[in-house]
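This report refers to the structure that appears directly beneath it.
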Amino acid sequence: MEDYQQNPVASSLFVRYDPFTMSYNHQEIEKKWQAKWAANRAGHVDEAASRDNALYYLIMFPYPSGSGLHVGHVESQAAIDILARMERMRGKNVLCPIGYDAFGLPAENYAIKTGVHPAETTKKAIENFHNQMQSLGLSFDWSREISTADPEYYKWTQWLFLLFYKNGLAYRKKSPVNWCEGCHTVLANEQVVAGACERCGTVVVQKELEQWFFHITKYADRLLAGLDSIDWPEKIKSMQRNWIGKSVGAEINFLVMSDEGSGISDQAKDSLKFTPELTELIYSGKKTNTIRLEKKNLQVGDTVRLMTRLSATETHSFAFAKITGVDLIKLNDISLDLKGHERYESREAMLKSYQDFYGATVSLETEFVLYHFANVTPLITVFTTRPDTLFGATYLVLAPEHALVDQIVTDEHRSEIDTYRIAASKKSVLERTELQKEKTGVFTGAYAINPANGEQIPVWIADYVITTYGTGAIMAVPAHDARDFEFAKKYELPIKVVVKPAVLQTLMSETLAVSHGAQSSVEIVSDCFTEQGIAINSAFLDGLSTADAKQKMIAWLEEKHIGNAKTTFRLRDWLVSRQRYWGAPIPIIWCENCGAQPVEEAQLPVELPTDVDFSAIGGSASGGKPTGESPLVDSNTFHNVKCPTCGKAARRESDTMDTFVDSSWYYLRYTDPHNTNAFADKSKIDYWCPVDLYLGGAEHAVMHLLYARFFAYALHDLGYLGFEEPFLKLKNQGLILGPDGDKMSKSKGNVVNPDEMVSEYGADALRLYEMFMGPLEDAKPWDTKGVVGVRRFLDKVHNLCIRVIGGVPRPRDDAHTKLIHKSIKKITSDLEELKFNTAISQLMIVVNEFSSASSINKETFETFLKLLAPLAPHLAEELWEKLGHTTSIFAESWPVFDSTLIVDDVVDMGVQVNGKVRGTISLAPSADEATAKELAFANVNVMKWIDGKEIMKIVYVPGKIFNIVVKE
RNA sequence: GGGACAGUGGCGGAAUGGUAUACGCUCGACACUUAAAAUGUCGUCUGGGAAACCGGGUGCGGGUUCGAGUCCCGCCUGUCCCACCA
């Protein structure tokens with residue numbers, strides 16, 4: 001997940017540190033303690049009886065790239081290690097694991113270039129990462145190291161896929177999807193950035209393909225609401241809110257004018273409900289349709305409302321029709337290719353489909369009513385966030401791909417419409433969403449009726465309306481929407497003002513007021529008003545505020561069955577299919593008879609085949625098969641299987657899963673990484689989860705972090721988790737930039753190699769420097785001179801210790817005791833708040849103080865060492881041992897400050913005259929105002945400023961400030 | 001176009017509304033050394049002054065307050081995110 005590029009050869013940027021006499025031998029010390037920690041399994045944890053002391057500290061696991069660990073990895077690893085070590089010293093049972101997000105494109109693309117199998121390069125890279133992390137002295141629980149590319153891991157990724165599949169959370173559908181020509185695979189919406197592939201930058205095109213999706217939109221509302229309960233950076237939360245994109249408004253049905261004219265809706269006697277597929281068939285058929293449905297008291301001549309079933313409880317109207325015939329007919333007697341009806345391959349397939357719709361009790365003998373109807377008058381359903389402006393809707397616009405277009409277009413406009421639709425389908429996502437692009441569109445020849453005022457309004461198609469958002473159709477209110485305004489001006493469509501600003505104060509508002517004052521409400525105005533205001537020209541809404549008008553309009557729409565309140569989300573379902581090799585195979589078998597069949601649990605994992613010749617795949621720089629299939633189809637061993645249901649020859653699903661599926665549940669696996677019976681034991685999940693602190697880059701705001709939350713919600717609902725939110729607290733570490741202030745990259749040659757830093761200055765110095773650079777969340781440029789600086793500090797600590805050991809025993813120095821207790825307080829709270837830089841500066845202050853003292857008390861120094869230990873663990877252990885201890889410093893308790901010792905007897909305090917500091921006095925922080933006043937007024941510098949002036953007021957904040965306000 | 005965050009010395013940065021620039025780097029002087037490195041000590045926002053001290057100073061302009069880097073309003077600049085989402 002954390003993927004960094006780096007160049008090991010950039011030595012010219014580094015300042016060589018000369019290890020001379022006053023310097024300790026970091027290489028020897030660090031090797032020694034790393035070996036000891038490995039031997040006692042320092043970071044190893046087990047569940048305890050009580051959950052009270054359990055903490056789960058997690059960093060986003062790295063993608064094991066061939067170029068090795070990056071200084072950016074070190075930052076989050078050091079941070080989490082410091083916190084884990086401190087909390088262990090405070091008696092906590094801390095789970096702090098590490099693993100590898102090992103599937104992904106780079107290894108596969110490398111394989112295509114070189115022929116080396118991704119499993120091999122990945123294995124090597126993981127070994128390298130492991131060794132590099134060991135050399136940093138990180139106290140992970142190494143017994144829990146996992147790799148998502150390990151069959152023991154992806155077995156459970158596949159198992160979870162099937163769990164989702166069986167519970168309706170994983171499904172297959174044909175829809176326009178994002179296709180990357182560079183990577184030769186489909187992409188999730190989240191992986192398309194500004195119309196281009198997030199990974200390779202190639203312009204993404206839309207393709208109509210059948211793919212696997214996860215039903216994340218089912219959780220849109222809860223994923224949005226859940227954000228309020230978690231301690232995450234506001235920035236990330238707002239990005240997720242944006243991405244989910246909740247819009248509250250209404251759906252409004254516009255009746256398309258039929259040959260017979262309008263008014264049919266009022267006569268609807270009852271409603272007939274259809275599946276979405278049948279809805280589509282009614283539209284794509286001609287004007288006469290036949291269809292069967294549940295029994296209703298309907299007769300020839302009745303007008304009925306046709307509705308789509310969106311779910312068990314949700315429906316929406318799509319048309320009106322007149323019944324021309326009613327027959328009773330057994331399912332067995334319905335022809336398989338009944339006109340206006342779904343076509344079935346076999347009687348069994350028909351029965352199954354009916355059972356899915358009407359329940360298992362349906363048999364071939366069940367009698368159904370077959371209705372014939374004519375004069376299907378379609379409704380165009382639009383979604384709007386401004387139902388209050390319905391009176392100002394002067395035309396409708398459909399997306400070019402809208403299902404109704406074919407049906408409503410008049411013959412004289414058909415060729416023009418077809419040309420436009422074909423042109424739109426050829427455009428890339430980028431072209432269609434390009435900024436400041438001039439809007440284009442074509443009139444369909446059809447008219448709809450504005451239900452508010454009965455006016456006939458033209459229906460257009462235009463590619464500024466997106467098929468995948470809302471209903472793929474809009475009511476255009478050019479006077480109050482910038483896009484509609486631009487379009488209306490270009491095509492000379494009417495513009496009708498229906499909202500005026502609440503306060504007329506801007507020039508624009510005046511323009512509107514003038515246009516409103518004119519006789520005709522339909523005229524060209526110079527600008528549009530998109531803000532909220534007061535309704536005008538809107539009959540029963542006139543005079544209402546936008547908010548009130550919305551409410552009243554929705555109530556009116558619902559009462560008249562014309563529309564309803566509706567909330568829409570921008571979030572799309574998560575497309576998880578990838579036409580690539582190096583990922584977890586989707587555990588599905590395709591059978592000609594039985595359709596998609598899940599692989600039986602006992603057959604998991606579906607392992608990746610080894611007989612794939614990567615060098616033969618080639619074809620493009622970044623690999624992938626240009627055919628739109630995964631390289632897995634080339635494997636004989638993999639591709640041809642038997643159907644688990646009927647036993648006939650079948651084909652294995654050849655797509656793999658998006659690697660974000662792997663990383664959506666890895667934190668659960670850490671709690672029980674070797675379990676062969678479940679993805680993790682529930683009791684272990686319950687003990688450790690949810691994660692108390694999660695550290696990682698902000699680039700995952702709407703990808704990994706949203707997907708992982710979805711997984712947690714889904715698994716919670718399925719009974720596997722006792723919580724919904726997986727990560728209670730999230731912190732983002734900032735980017736570490738090159739010494740030139742630019743993002744580190746191979747091409748710029750400004751990459752810093754952590755290995756060189758470790759060998760030159762030591763792991764302790766590297767860790768400490770990265771923590772000292774600045775606030776964890778900020779982007780900061782690298783400066784190797786700074787590493788030298790913290791190394792100097794560590795040498796001072798070392799030399800100080802030599803003095804403590806060699807010196808004669810000394811009584812405690814009161815000043816030192818006070819300093820160390822203040823430092824315990826500050827460092828503890830700083831570390832708790834992840835303010836490593838200020839914690840370290842406090843340690844430096846202590847060392848500077850001790851270094852200039854003639855003697856240091858051993859016990860005081862030992863307290864200091866304990867505070868240093870999480871930050872510079874190797875040196876702290878070494879010095880602790882040198883001081884005569886035989887057990888680890890990490891077995892010690894974290895120091896606790898004595899609150900009576902952190903109060904100063906005397907402090908220097910500023911004295912202000914009219915807010916400007918004019919002098920300084922020394923006094924006890926507990927001194928009363930009279931004492932302070934006496935001292936302040938006796939101060940020579942202060943006296944100069946108050947001499948002869950009238951004193952208006954005195955503000956005394958003990959220990960902080962003494963301010964004298966005088967009349968000037 | 002919309003949103004989020006930020007702007008403090010030569011540099012990284014510090015500061016519950018209370019002595020702005022802690023800590024580190026850099027640079028300079030001195031000590032140690034034949035010398036250099038390393039180490040140590042002192043200095044290092046700016047103008048004036050030998051100094052004490054005085055004036056100015058946290059992107060710009062206002063405001064609240066005894067007191068503002070910090071809070072409020074308006075702007076400028078930068079970074080990131082979203083972007084024809086109805």
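In what follows, every chain begins at residue 1, and chains take the letters A, B, ... in the order their sequences are listed.
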List in chain and number order the residues that pass salt bridge (charged side-chain N to carboxylate O under 4.0 Å, His left out) with A/Asp830, two or more places apart in sequence or in another chain; answer none if no residue qualifies.
A/Lys826

For A/Trp945 and A/Val966, the nearest pair of non-hydrogen atoms, with its separation, is O-CG2, 4.4 Å

If the P atom of B/rA22 is compared with that of B/rC42, how far apart are they to the nearest Å?
14 Å

Whole angstrom is fine here: how far is it from NE2 in A/His402 over to C1' in B/rA86?
13 Å

A/Thr828: side-chain contact (heavy atoms from CB on, under 4.5 Å) partners, not counting sequence neighbours
A/Arg90, A/Ile824, A/Glu832, A/Trp894

A/Lys825 meets the salt bridge (charged side-chain N to carboxylate O under 4.0 Å, His left out) criterion, sequence neighbours left out, with none

Just to verify, what does A/Trp232 make a side-chain contact (heavy atoms from CB on, under 4.5 Å) with, not counting sequence neighbours?
A/Ile230, A/Ile236, A/Lys237, A/Gln240, A/Leu705, A/Arg709, A/Phe727, A/Leu730

Going 5' to 3' through nucleotides 6-19 of chain B and flagging B where a protein heavy-atom sits under 4.0 Å of the base, S where only the sugar-phosphate is that close, and - otherwise, we get ------BSS-B-BB

Under the salt bridge (charged side-chain N to carboxylate O under 4.0 Å, His left out) rule, collect the residues that match up with A/Glu777, sequence neighbours excluded.
A/Lys731

Short N/O separations, protein against nucleotides 42-48 of chain B, under 3.5 angstrom:
none

Rounded to the nearest Å, what distance is computed from the CG atom of residue A/Asn242 to the C1' atom of nucleotide B/rG3?
6 Å

The side chain of A/Arg792 lies closest to which of these nucleotides: B/rU26, B/rC80, B/rA86?
B/rU26

With A/Ala779, which residues qualify under side-chain contact (heavy atoms from CB on, under 4.5 Å), at least two apart?
A/Leu735, A/Leu737

Which dot-bracket notation, 5' to 3', represents the base pairing of RNA chain B when pairs are defined as Watson-Crick or G-U with both distances under 3.5 Å, crossing pairs as [ ], and inter-strand pairs as |?
(((((((..(((.....[....))).(((((.......))))).((((....))))..(((((..]....))))))))))))....

Where at least one partner belongs to residues 938-959 of chain A, residue pairs that pass salt bridge (charged side-chain N to carboxylate O under 4.0 Å, His left out), sequence neighbours excluded:
none

Set of salt bridge (charged side-chain N to carboxylate O under 4.0 Å, His left out) partners for A/Asp388, sequence neighbours left out:
A/Arg386

N or O in side chain of A/Asn799 less than 4.0 angstrom from B/rU39 OP1/OP2:
no

Can you list everything that forms a side-chain contact (heavy atoms from CB on, under 4.5 Å) with A/Ala448? Sequence neighbours excluded, please.
A/Phe254, A/Leu396, A/Ile457, A/Val459

